[in-house]
Amino acid sequence: MRDPLSAATDAFTSFLFGKVETTRLPVRTSTGQAQAVYLPTAAPGLGDSGVIIGREVYSGKGYIYDPFQLYGQQLPAPHWLVLGESGNGKSALEKTYVLRQLRFRDRQVVVLDAQGEDGVGEWNLIAEELGITPIRLDPTAALDMGIRLNPLDPAITTTGQLALLRTIIEVAMGHGLDERSGFALKVAHAYVNETIVERQPVLTDIVEQLRHPEPESAEAMNVAIDDVRAWGLDVALVLDRLVDGDLRGMFDGPTTVGIDLDAPLIVFDLSHIDRNSIAMPILMAIVGVWLEHTWIRPDRKKRIFLVEEAWHIINSPFVAQLFQRLLKFGRRLGLSFVAVVHHLSDVVDGAAAKEASAILKMASTRTIYAQKADEARSTGRVLGLPRWAVEIIPTLTPGIAVWDVNGNVQVVKHLITETERPLVFTDRAMTESSADHLADDALRAAELEAEERAAAFMEQHLSDLDGSSESTVA
């Protein structure tokens, strides 16, 4: 409160001389020094329609993302790539994203679940919560009438069946089919489809026809029957692996009755398959084509196809080409493809670098969790990330990721509700102890420290711009 004498003096002075105002001289300064006065403004968000992911670390705003809402306006394609080392929150993000998407009535999700514990896939709890039985592909259950998917299912077009058979063989052989082997396969497939009408044709029928081709097949091309048999021998040996080899029981019979392709969530449990064997890309090819011809339909539903361990797809040239076609085709019918990969180097330096590059270009959304500095720099070069984002990736803690949505780059903290927590952290349910509560507190403290570190990094980033005419903060 002002002194009464001072107030009276000011009033008398104003009466005699008028009100005196102080004129401030202009101050010239740099953007680095003026940043405390002109605070940086957060980049615009992605709108308020869709699925809540969490909040932006720098602005504190809610972060909402939905490829179906953004497609055509802010997104040229609805496909999504998720990267990061294990234990940083990729799985939690995928599961909460799917659970939140399923709240919309016109959404449907297929998950290829390649990981698991205790004999079941990691999506098993979520499937049970929704009253859904996963489609468990397990070669050890072959003698117990396990789940079967028939590559010759009548629901798949004749052209699709032949394309699938070629892909299976090329994946297993590691190279494309030559013209003669391709001819033998085409002849065997055509004969089986024409002559077997009382039941579903199966792979055993193809193998048998390749071993014992009909004379008419040779006469049509004016070649000897022994030549046709020789051309199809390698093809028959590859397909025999699905009939009587280590993959028997999953694809050598009619499609199992009761698979509900109209369920909101369809989970293919591949956790019993060796992820490093040739069986995984073969499975991916069969499931991909089977879904293309039986699941994707022009019914105005928005579909999400989420693939764990997606490098098994992108790292095989033949499977990558198949999925590349699926992505192009599915975009017209409302399909969002979500690929989850640990390291981008697993695919861009692999055997299918060209195909991998094409698939990566289709993914307009990229989410990157913590990676080592070298991997982060490599990822930044391939994806065209800004320098500040590349530098911050190695410092990210679990649950925080860099999101690049068609050039709109943000650092986002993923938030999980208490209802979702027991469904999302499935491995913790098996290992939880009284000490885990202390670990939770430590994790929250670490996350808070990481946010403070990120804010300090951004201040340093602005200081680096000292002397420039303007600064832009993503």
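Just the heavy atoms: all of them, side chains too, but no hydrogens, waters or symmetry mates, feed the values below.
Nearest heavy atoms, Gln371 versus Thr379: OE1-OG1, 3.0 Å. Nearest heavy-atom pair across Ile368 and Leu396 is O-CD1, 3.8 Å. For the pair Ala373 and Pro394, the tightest heavy-atom approach, listed with the atom from each and the gap, is CA-CG, 3.7 Å. Taking each heavy atom of Phe68 and Ser336 in turn, the nearest pair found is CZ-CB, 3.7 Å. Closest approach of Gly160 and Ile156 over heavy atoms only: C-CG2, 3.8 Å. Val171 and Pro281 make their closest contact through CG1-CB, 3.8 Å (heavy atoms, listed as atom of the first residue, atom of the second, distance).
Ring geometry for Phe337 versus Phe323: interplanar angle of 30 to 60°, hence tilted.
Residues meeting the salt bridge (Lys or Arg N to Asp or Glu O under 4.0 Å) test with Asp66, sequence neighbours left out: Arg107. Applying the ring-ring contact (aromatic ring centres under 6.0 Å, His included) criterion to Tyr63, with sequence neighbours excluded, gives Trp403. Listed by chain and number, the residues in a side chain to side chain donor-acceptor pair (under 3.5 Å) with Asp260 amount to none (sequence neighbours excluded). Under the salt bridge (Lys or Arg N to Asp or Glu O under 4.0 Å) criterion, Glu128 pairs with no residue, sequence neighbours left out. When the side chain to side chain donor-acceptor pair (under 3.5 Å) test is applied to Thr255, the partners found at least two apart in sequence or on another chain are Asp153. In terms of the side chain to side chain donor-acceptor pair (under 3.5 Å) criterion, residue partners of Trp80 (sequence neighbours excluded) are, by chain and number, Thr367. For the side chain to side chain donor-acceptor pair (under 3.5 Å) test, residues two or more places apart in sequence or in another chain that qualify with Arg303 are Gln108, Asp299.
Electrostatic pairing of Arg377 and Glu391 does not count as a salt bridge here, judged by no charged N lying under 4.0 Å from a carboxylate O. Ion pairing between a basic and an acidic side chain is recognised when a charged N comes within 4.0 Å of a carboxylate O; Asp106 and Arg300 show no such pairing.
Residues in residues 263-284 take part in no ring pair (Phe, Tyr, Trp, His ring centres under 6.0 Å) pair, two or more places apart or across chains. Residues in residues 160-174 take part in these salt bridge (Lys or Arg N to Asp or Glu O under 4.0 Å) pairs, two or more places apart or across chains: Arg166-Glu170. Under the salt bridge (Lys or Arg N to Asp or Glu O under 4.0 Å) criterion, the residue pairs touching residues 278-294 are Glu292-Arg325, with sequence neighbours excluded. Annotation: salt bridge (Lys or Arg N to Asp or Glu O under 4.0 Å) contacts involving residues 262-272, sequence neighbours excluded, comprise Arg136-Asp269, Asp262-Arg297. Applying the salt bridge (Lys or Arg N to Asp or Glu O under 4.0 Å) test to every pair with at least one member in residues 79-94, sequence neighbours left out, gives these pairs: Glu85-Lys372.
With Asp113 contributing its side chain and Trp123 its backbone, the two residues share a donor-acceptor pair below 3.5 Å.
A side-chain donor from one of His414 and Thr96 sits under 3.5 Å from a side-chain acceptor of the other.
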Handout entry: salt bridge (Lys or Arg N to Asp or Glu O under 4.0 Å) assessment of Glu420 paired with Arg100
Key = CA-CA 10 Å; Glu420 294 168 331; Arg100 295 167 191 178; 2.8 Å; yes

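Within the 4.5 Å cutoff, the side chain of Phe251 has no heavy atoms near those of the Ile168 side chain.
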